[in-house]
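Each remark here refers to the structure printed beneath this line.
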Amino acid sequence: CGGMRSFVPSIPSSAAAGNSKVRLNGVLAEWTDSKACGFIDCSDPSGKKLFCHKSDFALHFADGEGPAIGTEVNFVLGHDPKSGKQRAQDVKIGRASGKGSFDGGRLVGSLTEWNPEKACGFIQCPEAHRKFFAHKTEFEVQLDDGEEPQIGSQVSFLHGLDPKSGRERARSIRFESTENPQLFGTISEWREEKACGFIEADTGKRYFAHKTEFVEQFDDLAPPVVGSRMSFVPGLDAKSGRERATEIRFVTGSEGGGKRTSDLKEMPDGKRPRR
């Protein structure tokens with residue numbers, strides 16, 4: 001990267017004394033793919049331009065796929081072992097304060113946009129005060145073809161870097177379920193061939209319900225009848241992120257306001273399954 005360098009006097013701070021705990025902020029101002037190196041314009045303190053090499057980045061990328069010019073970075077001030085000149089080391093994407101550099105911890109946010117055709121969207125992260133690109137392949141539990149995550153889903157993720165563009169993106173995306181109260185409702189629809197249906201909560205909202213979510217399992221020949229009173233806990237589907245009923249129980253007696261309108265279908269021998 002010779003010929004690009006334009007240093008100003010050394011940084012007069014504790015960082016210059018080799019304090020590795022002091023992280024500085026800057027913007028990638030120059031980058032040469034053929035030499036895998038470039039320069040960072042330091043913003044605190046301003047006016048300093050520091051050399052950086054591909055090997056100094058905390059998150060490695062392939063040759064020829066360096067970070068984009070203008071990318072915000074944070075780093076530790078170091079010295080070249082041969083020349084003794086200052087250089088940026090342990091370079092990470094993002095700011096070290098304010099908007100934050102994220103050292104491996106999980107961030108939380110909500111899915112605000114999704115493009116089904118491109119299988120990608122954006123997650124709004126309140127902690128970072130910005131959006132992060134999210135792709136279908138980055139979800140820990142993979143979505144089936146044609147399946148889409150629900151807008152508004154709460155997720156957690158790791159801060160990452162796109163190896164081609166150098167831009168920030170969400171990695172290891174995981175749907176997160178918040179603490180939900182027990183709700184009561186009525187089975188409004190049930191499909192025996194698929195062992196699933198819907199529960200209409202007393203709040204008026206409908207929740208998907210699958211046989212596997214019932215606390216006490218029932219025989220395939222004795223499915224719940226439309227109108228049966230149930231209690232359940234709202235949850236999230238691990239694949240799609242959509243809401244669904246979990247911990248489903250049949251309401252007995254005066255539970256749930258005593259509004260139970262029907263029971264289970266009888267089995268061929270006239271017996272009812274245990275609940």
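All of these numbers come straight from a predicted model, not from anything done at the bench.
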Return yes if a side-chain donor-acceptor contact under 3.5 Å exists between [X] and [Y], otherwise no.
X: S110; Y: Q124; value: no
X: S231; Y: R249; value: no
X: S156; Y: R174; value: no

Would a 4.5 Å heavy-atom cut-off, applied to side chains only, mark [X] and [Y] as touching?
X: H159; Y: R169; value: no
X: Q86; Y: L50; value: yes
X: E243; Y: F208; value: no
X: L77; Y: L24; value: yes
X: F232; Y: Y207; value: yes
X: K54; Y: D63; value: yes
X: I248; Y: T246; value: no
X: F184; Y: V251; value: yes

Practice item. With side-chain contact (heavy atoms from CB on, under 4.5 Å) as the test, would you mind laying out the steps for K92 and D90 before giving the verdict? Key: CA-CA 6 Å; K92 299 179 180 180; D90 190 29; 3.6 Å; yes

Is there a path of hydrophobic side-chain contacts, each under 4.5 Å between heavy atoms of I, L, V, M, F, W or Y residues, that connects [X] with [Y]?
X: F198; Y: W190; value: no
X: I69; Y: I93; value: yes
X: F133; Y: V155; value: no
X: F122; Y: F157; value: no

First locate atom [atom1] of [X], then atom [atom2] of [Y], and finally report the distance between them rounded to the nearest 0.5 Å.
X: L158; Y: R106; atom1: CG; atom2: CZ; value: 4.5 Å
X: S153; Y: I173; atom1: OG; atom2: CD1; value: 11.0 Å
X: Q89; Y: F75; atom1: CD; atom2: CZ; value: 10.5 Å
X: M230; Y: I187; atom1: CE; atom2: CD1; value: 4.5 Å
X: I151; Y: L111; atom1: CD1; atom2: CG; value: 4.5 Å
X: F175; Y: R242; atom1: CZ; atom2: CZ; value: 9.0 Å

Practice item. Indicate the ring-plane relationship of F218 and F214, choosing parallel, tilted or perpendicular according to the 30° and 60° boundaries. Key: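 Because their plane-to-plane angle is over 60°, the rings of F218 and F214 count as perpendicular.
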
Review point. Under the salt bridge (Lys or Arg N to Asp or Glu O under 4.0 Å) criterion, do D80 and K85 qualify, and how do the steps go?
Key: CA-CA 5 Å; D80 189 287; K85 293 178 179 178; over 6 Å; no

**Study point:** Candidate pair E213 and R244, rule salt bridge (Lys or Arg N to Asp or Glu O under 4.0 Å), full reasoning
**Key:** CA-CA 9 Å; E213 297 290 357; R244 66 186 290 162; 3.5 Å; yes

Practice item. Please assess E138 against R171 for the test salt bridge (Lys or Arg N to Asp or Glu O under 4.0 Å), listing each intermediate value before the final yes or no. Key: CA-CA 5 Å; E138 296 291 356; R171 294 191 181 280; 2.7 Å; yes

Do you know which two heavy atoms are closest between [X] and [Y], and how far apart they sit?
X: A245; Y: I199; result: CB-CD1, 4.1 Å
X: V233; Y: E247; result: CG2-OE1, 4.0 Å
X: I123; Y: A170; result: CD1-CB, 3.9 Å
X: S188; Y: V226; result: O-CG1, 3.8 Å
X: C196; Y: H210; result: CB-CD2, 3.8 Å

Check your understanding: Can you list the steps and then say if E189 with R206 is a side-chain contact (heavy atoms from CB on, under 4.5 Å)?
Key -> CA-CA 10 Å; E189 181 182 340; R206 293 204 336 157; 3.6 Å; yes

Review point. Counting heavy atoms not belonging to E117, are there more than 12 under 6.0 Å from its CD?
Key: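 It does not: E117 CD has 12 such atoms or fewer within range.
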
Check your understanding: With respect to I40, which candidate in N74, V27, V91, D56 satisfies the side chain to side chain contact (heavy atoms under 4.5 Å, CB included) definition?
Key ->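 Of all the options given, the one that passes is V91.
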
Check your understanding: Which is it for E148 and K136 under the salt bridge (Lys or Arg N to Asp or Glu O under 4.0 Å) test, yes or no, and what are the steps along the way?
Key -> CA-CA 9 Å; E148 303 170 22; K136 173 183 176 179; over 6 Å; no

Review point. Hey, mind stepping through F57 and W31 against ring pair (Phe, Tyr, Trp, His ring centres under 6.0 Å) and telling me if it holds?
Key: CA-CA 13 Å; F57 279 77; W31 188 262; 5.8 Å; yes

